[in-house]
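Take a look at the structure below.
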Amino acid sequence: MRMSKQFGRTLRQAPADAETISHQLLVRGGFIDQLSAGVYSYLPLGLRVKKNIESIIRKEMNTADGIEVLLPTIQPSAIWETSERLFTMQDVLFKLEDKRGRTMVLGPTHEEVITTLFSKFANSYRDLPRTLYQIQTKLRDETRPRGGLVRVREFTMKDAYSFDLDEKGLDVSYSLMVDAYYQIFNTCQIPIVSVEADSGAIGGKGSQEFIFLTDSGEDTVLICDQCDYAANQEKAEFIRPKKTAAQTLNIEKINTPEITTIDQLASFLNIDKNDTAKSVLYMAMPRTGGASFPIFAVIRGDLEINEVKLMNLVDARGITPMTDEELSKYNIISGYASPIEINSEIRVIADISITETVNLVAGANEVDYHFTNTNYLRDWVATDIADIAIADEGHICAKCTGNKAGNLKISRGIEMGHVFRLGKTYTSAFETTVLDQFGEQLTPIMGCYGIGIDRILSAAVEAHHDQDGIIWPRELSPYDIHLTALNFEQDSEVSEEATKLYEDIQVEGLTVLFDDRDENPGVKFKDADLIGIPIRITVSSRNNAENVVELKLRNAETSEKIDKENIIEVLQQLSE
RNA sequence: CGGGGUGUAGCUCAGCCUGGCAGAGCGCUGCGUUUGGGACGCAGAAGCCCUCGGUUCAAAUCCGAGCACCCCGACCA
């Protein structure tokens with residue numbers, strides 16, 4: 001590609017609203033352009049990178065026995081009613097009506113379509129196992145797009161769906177995909193950690209995420225410093241710091257004027273936060289619809305509620321803190337809420353920490369009063385006892401083996417891929433069955449597997465750049481070689497040599513970006529660094545005089561001079 | 001959806017407080033000089049000052065409403 005014919009331009013300054021490095025460099029380098037919040041165009045350079053990522057993914061998917069399909073973006077809402085996700089995913093669904101008033105949705109993901117399709121064509125156990133995948137645009141009405149290409153409303157995703165006869169088969173399909181994922185991230189040179197994850201609105205049990213660790217990420221993960229346990233904070237399990245056991249003491253009501261928070265309570269009574277019980281009130285929206293119901297969560301004062309765990313426990317599609325009206329409806333005194341003698345309509349959920357600790361200070365459900373020495377079972381009981389606490393830095397790993405349990409470390413990251421053992425959620429909903437070898441109806445078991453392609457692009461830049469610009473991993477680079485010609489317009493020897501080299505390189509099957517513009521050397525070098533093609537060669541009057549071409553690797557400090565007759569061979573070797 | 005911020009030339013921003021000709025740098029066009037790390041000179045083109053309404057002799061500037069975009073949080077297969 002001759003730069004004199006290219007479309008798009010590098011920018012000296014990034015737009016003010018680009019915050020992350022990857023966003024800034026991708027815009028400055030002329031790879032992407034924002035149209036509106038969370039909606040981007042790919043310019044020619046960016047598109048080439050995107051296509052490279054797609055072909056890496058295709059190769060690995062095919063190796064893992066995946067078969068490519070292409071499913072529609074526009075989908076009748078009826079299939080979303082069948083799966084009940086028209087309701088459970090209503091917040092992210094783009095909806096529209098056609099001229100006859102039929103309602104449609106723009107696909108945020110494709111479980112419904114793939115299951116419908118699969119049902120039509122698979123009739124026998126001989127049709128299984130199959131893993132179908134596609135690379136498709138997804139549309140999600142995200143409330144808050146952010147971070148350049150990290151959270152957007154229109155994006156490209158590779159999604160794959162496996163169908164197996166039984167759990168054993170799913171294990172095989174699942175691990176083939178996991179292996180493919182490692183291979184893909186490895187080729188793209190994105191360092192990732194695999195973490196246990198919550199499966200969210202998609203349903204099913206068991207999932208893992210592939211996380212690229214970066215401070216600009218929006219996911220929080222906990223990683224054990226002793227073993228290989230790693231989990232999304234939504235899911236992470238940990239061992240509650242133990243409180244030394246003491247004799248249970250008599251409950252007592254004490255005056256605590258204007259003390260409404262755990263911090264205030266601990267300092268007022270001069271006790272540790274883990275000597276207190278914290279009560280948090282929510283209204284939960286049932287996953288399958290219907291009226292919201294109240295939940296009363298109780299947790300030791302040194303811990304925080306994990307709302308995802310809580311939501312899963314009560315099978316809710318969302319939970320929100322109780323409003324003042326709701327609190328008074330259930331006779332709960334804000335700041336002094338107490339699990340003792342609670343309104344029986346309310347579902348009370350206690351974190352395990354509560355049952356492991358004695359003599360806790362809790363609210364008395366009366367303004368300015370708390371109880372000391374409350375004890376679980378003796379003074380109150382919960383509807384459920386469960387793990388509803390959020391893991392944090394320094395908590396003890398729950399999965400460690402051996403003598404010394406490790407501590408969890410907290411990091412931020414971007415979710416690059418997510419794989420799920422879906423189970424029969426969709427095949428049951430769509431009544432997908434095949435006949436097994438005994439002539440019995442059998443419901444296939446599914447897995448699903450996603451990778452965000454735009455996110456790979458961003459993560460690659462986050463992971464590989466310096467102050468001058470991007471340093472593309474070779475497999476992603478928009479071109480193999482950046483050919484810079486200095487004094488292209490003025491020195492006919494340069495223009496002839498460079499043009500010949502441009503053609504020769506292409507004959508060898510390599511791709512090349514040819515800077516044949518009438519620009520100063522400084523401009524050309526700066527642009528080359530910004531665009532980030534890993535190999536740069538320079539033809540100039542000075543080099544011609546020595547009969548050499550200059551070679552500089554983007555990630556190297558210095559350049560070297562290569563005899564003209566050897567340059568093609570050297571480039572071939574570098575590109576192998 | 002809650003909190004905060006910003007909308008002026010393609011991009012980065014000044015001007016707004018204290019109302020009175022629409023500005024700078026970069027980029028773009030032309031000419032010339034230059035030519036190994038975003039070089040220089042001269043001459044240009046380019047803005048419905050986000051939108052609508054109000055106040056005023058006069059509004060980019062003051063007031064009101066709306067819209068868009070960004071950030072933090074909530075949400076997020």
Just call it for A/E307: base, sugar-phosphate, or nothing, with non-hydrogen atoms closer than 4.0 Å on any strand.
sugar-phosphate

Look at all strands and tell whether A/N487 reaches a base, only sugar-phosphate, or nothing, counting heavy atoms closer than 4.0 Å.
base

At under 4.0 Å between heavy atoms, what does A/E550 touch on the DNA or RNA strands: base, sugar-phosphate, or nothing?
base

Which nucleotide wins on minimum distance to the side chain of A/D527, given the candidates B/G38, B/G37, B/C11?
B/G38

Does A/R144 put a side-chain nitrogen or oxygen below 4.0 Å from OP1 or OP2 of B/C71?
yes

Taking any heavy-atom pair under 4.0 Å as a contact, classify A/R536: base, sugar-phosphate, or nothing.
base

Side-chain donor or acceptor of A/H464 paired with backbone N/O of A/V461 under 3.5 Å
no

Which is true for A/V523 with a 4.0 Å heavy-atom rule: it touches a base, it touches only sugar-phosphate, or it touches nothing?
base

Of the nucleotides B/C71, B/U12, B/G36, which one has an atom closest to the side chain of A/E19?
B/C71

Would you indicate what A/L530 reaches in the nucleic acid, counting non-hydrogen atoms under 4.0 angstrom: base, sugar-phosphate, or nothing?
base

P gap between B/U6 and B/C63, integer Å
14 Å

Closest to the A/K526 side chain, choosing from B/G38, B/U35, B/C69:
B/G38

Using atom names, set out every protein N or O paired with an N or O of nucleotides 22-32 of chain B below 3.5 Å, distance rounded to 0.1 Å.
residue : atom : partner : partner atom : Å
B/G27   : OP1  : A/R12   : NH2          : 3.2

